[in-house]
Amino acid sequence: MNESQVESALADIIRDVLDQPDLKISRASTADQIEGWDSLNHITIVVATEQKFGIKFKTAEIETLRNFGELVDLVEKKLNQKS
Amino acid sequence: MSLTDLDWLPASSSWGERLRAAAGQESVAWKDMVELANARLDMVKINRLDSAIRRAFPRPPDGLRANPIRLAVLSSSTIDHLLPAIRVAAVRRNLWIDIVTGDYGQYRQELLDSNSALYERPLDGVLFAFDAAHLLAGADPSMTMQQADTLLNHTQDRVAELWRLARERCGCQIVQQTLLPRFPALMGGNEHRLGGSLANLVTRMNSRLRLAADAEGVDVLAIDEIVIQTGLTGLYDPMLWHRAKQEISPLASGLYGELLVRLLAARRGLAYKCLVLDLDNTLWGGVIGDDGLEGIKLGQGSALGEAHLDFQRYCKDLSHRGVILAVCSKNDDAVARSVFELHPEMILRASDIACFVANWEDKPGNIRSIAERLNIGIDAIVFADDNPFERTIVRRELPMVAVPELPDDPALYAACIANAGYFESLRITDDDLKRALQYQTNLERERVRESFTDMAGYLKSLDMRMTWSPFDTVGLSRIVQLINKTNQFNLTTKRYDETSVRQFMDDPHAITMQIRLEDQLGDNGMIAIVIGSLDAEKEFLIDTWLMSCRVLGRQVEQATMNQLWELCSARGATSIVGEYLPTPKNGMVRDHFSKLGFGPIQGERDGPQRWRLEIAAYKPLPTFITVMRGS
């Protein structure tokens, strides 16, 4: 999966979890800006991402993420480590 | 197989689109929601379905199976992420659950406070879900055995007091979740010798909870048993515990909702009562009508045969604890019964089957009549069949019947049915233990004829594609196999070896057809064979016409006839002659040619017959099959 595929798959997960099929997400998007992205949905997004890509985040990794772009980069990094 | 994936439910590839379509209607249909809930769902889908339902139905809809259930979930850790799955598990059963939760950890105060939101309206159920770190606070590995006992006694008293409080205030069903055994061992395999070990205390507390629950009439939600099957990682993620105090992982939410709602449904008498079984490739390997008593796989000597036997044993055990067994099979009645009467390895006997239906009618109609004859609701029936075609038509025609998505390997059939929890029950009565006996005297033999099923609509929806081509070397081995093993749908039962089949291939006067059928449910492979040849008088004689019973009732005969007629016309034939040579097994095709529009030339009804069709008089028969010439 190249980076743009990861990005669009992640955006789809977020749209599914938040149940907003038309949600616009950019690399600079943060949870605070997006309606419905509360702490419960945050966990669901993380767990769904882990399941989708077959990866596991470390607690510390999740806590330092600042925006959507950093999540994409982190998933990308983990996928590279895996292969 | 994975319990947490709900894999007894059918997977649906277009689920997202179906949800959008159903939820986008001006007036959302409740039955669409029930149907969407009856698919294999992950947590994200569950949450989406739950949101759609709550948007469309601010109040419970009409037509539910039971009164709406108001459930209090009282927990010591985070459970918000499990609530959508509980509601969706209810919808799966055409039930409705409203959930009220307390602030987490405040359950005792909430129960005591008569102004609490819990009591705004009457409750129909209370779930206590405690984590062990909370309930067994104070545990310490340096405790003596005696101190550990004291801690357990004290804890048990506290829990029992909550039960009594809930019972006094609400007078409703109480469910106690067992403690999740998630603590690492301090000693190892003999952890039970360390009184203060949390791992050991959880095991001991759970067995005490069960005893106390039996005494108090409380139902147990046995997540500790589930851990044995899924492994701890299936239910618990320590990172989520630390991050969000979620003791049950959201990945297991679907399973959790199922387990809980099964208890609520069982308490309302809504569990399934009857297991309707297919025969061929379900109770034994192979097809009795084709393979015969010696040929079917059942019992010792083959792994497949033992797997089927094991499934029979599970069914028999279910019947001994009160589940009614019935048979619904596309078979000749006498042939099907002969296995029960004559096969030495059969565990299930005719006396175990409360209603035995073997005929060539469609299964939804037969299942309706089984329900009528047993005098139970259609929504009390579970239907187990290895054939995806039958499963799909039953789901479509009788959505209230539970149809498990049996795995490909019969070794997994029993586990699949057990995982689905259809027969969840909360207590066993004397009646249950005797039920199997009651039906022994109740063996009705009449054949079921009536059919109310919308076959046309179903066949149309299947999008069937038939591909035919003349015999070729690629198909040769399957052609020879079909010619030599097909007994039931076989007009002449002529057997040919490879050499003879090659002669037909080389004969310029012959027409050969190998026919494959594909549909939405998959590729059925090569399912029919026709061989015939044109004589000097331009008469085409059908030498062989056979078909696999797997595709019976799907208009393959009609589509084949249309194609054959075209081929014969193109070759200049003026008529087609068909023969029926009766055998003990091919009675089902006695009327084959008359159904296709042939007229009789000679022969008795029960003897060999010859039939003729004038090419010029034939009108192609309507079917829902698209016919293609293969390469």
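So that the names make sense, note that chain A is the first sequence line, chain B the second, and so on, each numbered from 1.
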Nearest non-hydrogen partners of [X] and [Y], listed with the distance:
{"X": "A:Lys56", "Y": "B:Met239", "answer": "CE-CE, 3.8 Å"}
{"X": "A:Leu40", "Y": "B:His81", "answer": "CD1-CB, 3.5 Å"}
{"X": "A:Val46", "Y": "B:Arg243", "answer": "CG1-NH1, 3.7 Å"}

Pick from B:Asn47, B:Leu251, B:Asp42: which one has the most heavy-atom pairs with chain A under 4.5 Å?
->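 Answer, by heavy-atom pair count under 4.5 Å with chain A: B:Leu251.
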Chain B: which of A:Val17, A:Val47, A:Thr44 shares the most heavy-atom pairs with it under 4.5 Å?
-> A:Val47
Is atom CG of A:Asn80 surrounded by more than 12 heavy atoms (other residues, nucleotides or ligands) closer than 6.0 Å?
->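 Result for CG/A:Asn80: enclosed.
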Is the count of non-hydrogen atoms from other residues, nucleotides or ligands lying under 6.0 Å from A:Gln81 atom CD greater than 12?
-> yes
Are side-chain heavy atoms of B:His242 and A:Thr59 found at a separation under 4.5 Å?
->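 No - every pair of side-chain heavy atoms lies 4.5 Å or more apart.
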Ion pair B:Arg55/A:Asp19, N-O distance below 4.0 Å | yes
Chain B contact via A:Ile62 - which portion, at a heavy-atom distance below 4.5 Å | side chain
Quick one: do B:Val44 and A:Ile13 satisfy side chain to side chain contact (heavy atoms under 4.5 Å, CB included)? Show the steps, please.
-> CA-CA 8 Å; B:Val44 176; A:Ile13 289 173; 5.6 Å; no
